[in-house]
Amino acid sequence: PVIDTLAGRHQQEQALARQLGIAHCTLVPGDSSLPSGTLTGLAQATKRVLADQLPIGASTIAVMGGHTLAAVAAGLTPALSTQRQLLFVPARGGIGEAPEIQANAVSAQMAQRTNGQFRALYVPEQLNTATYKSLFAEPAIHDVLQLIAHSNVVIHGIGEASAMAKRRNMAPDVVADLNAAHAVGEAFGYFFDAAGHVVRKFPPIGLDIADLAAKPLVIAVAGGSEKGAAIQAYMHLAPAQTWLITDQGAADFVLKK
Ligand code: BG6
C-alpha cells in the first residue's frame, strides 16, 4: 500500500540523516548509476525542497556544476519565483568541466528557468597567485565574489573521485597521488578519503567548504550506487544543516553499513 511505502521512505530518510550526521535527507526511488537510471527523480525532489525551503523575498543562490546540477536546473520553473527574487551565481570559478555543465552555465540556466537573474564568474584556470590577486581586484570579478560570499543558499553536487579526476583530465601523477591517498570523493574542488580527510585541494576561487557553515540553506544533490562512498565521505566535511537529496542506490550503500 502507498501509505506503507511513504512511511517506510520517511523512516529511511531519517535513518540516513542520522547516520550521515546531517539535518535532512530526501530520498527518491531508483539508482541513477544504472544504465537505465535517470537524474529526473533527484531533479524533481530538489525542485520541491527549494519550493518549500527557499525564503520569501530576495535570495542569492550559489550553485556548483555537474550533470546532476544541470538536470536540477532543467527541471526548475518560474513558479519558484512567486514572492521571491532569485539571483543565481556560480559557487566557484572554473574547475575544468565541459562548458554545458560548468557552474556558470548551471546558474544561467537556473535563472532562465525561474525568470531570475544571474551573474557569471569568468576566471581562467591554473593562474599563478599574483595573477589571481590582480584578478580579484578587478571590479567585475570582485563584485561577483562578494555576491558569492554573501549568498544565503548553496546547491551543490558530490562526485566520485576517479570519475572527477578523469573528467577534469588530471595529470597521471596527480591521479596516482589521489589513488595512493585513497580518495573516494570530490566536492567544491576538494578530494577526500572515506574518513573525510582532505587529500587534495584544487582551489580556484569562490566558495570554500568552510564557508558553508554560515549559510542558512545548503542542499547537496547526489545519487547513484557508484557515489555511495563519496556521499558518505563528504558528510564528514559537510555543515550540519546540509539537506541531502539522494536516491535509493546511494542510500542502500550508506544504510547497509
Ligand atoms: C562538478 C562539481 O561540476 O560536478 C563537483 O565541480 C561535483 O564539485 C561534480 O562533485 C558532480 O558531477 P556530476 O556530473 O556527478 O553531477
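Note that this is a predicted model, so its numbers are computed, not measured. Ligands are counted one by one from 1 in listed order, and the atoms in each one are counted from 1 as well.
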Record the part of [X] in heavy-atom contact with ligand 1 below 4.0 Å; permitted values are side chain, backbone, both and neither.
{"X": "Glu186", "value": "both"}
{"X": "Gln102", "value": "neither"}
{"X": "Met164", "value": "side chain"}
{"X": "Arg168", "value": "side chain"}

Inset, instruction - Classify the ring geometry between Tyr234 and His156 as parallel (under 30°), tilted (30 to 60°) or perpendicular (over 60°). - result: perpendicular
Inset, instruction - Please confirm whether Gly65 comes within less than 3.5 Å of ligand 1 when only nitrogen or oxygen atoms on both sides are compared. - result: yes
Inset, instruction - Go through the structure and list residues passing side chain to side chain contact (heavy atoms under 4.5 Å, CB included) with Glu226, not counting sequence neighbours. - result: Ser33
Legend entry - Arg168 bridged to Glu186 by N-O distance under 4.0 Å: yes
Short list, please: which atoms of ligand 1 are under 4.0 Å from a heavy atom of [X]?
{"X": "Lys227", "answer": "13 (P), 15 (O), 16 (O)"}
{"X": "Phe188", "answer": "8 (O)"}
{"X": "Ala187", "answer": "8 (O)"}

Inset, instruction - Look at ligand 1 and say whether Arg92 reaches it with a heavy atom at a distance under 4.0 Å. - result: no
Inset, instruction - Could you tell me which residues satisfy ring-ring contact (aromatic ring centres under 6.0 Å, His included) with His150, sequence neighbours excluded, listed by chain and number? - result: none
Legend entry - Exercise: identify the closest heavy-atom pair between Leu80 and Lys47: CD1-O, 4.5 Å
Legend entry - Exercise: identify the closest heavy-atom pair between Leu42 and Gly223: CD1-N, 3.8 Å
Inset, instruction - Would you mind finding which of Thr68, Val63, Ile101, Ile158 brings a heavy atom closest to atom 11 (C) of ligand 1? - result: Ile158
Legend entry - Gap between atom OG1 of Thr38 and atom CD of Gln44 - 0.5 Å precision: 9.5 Å
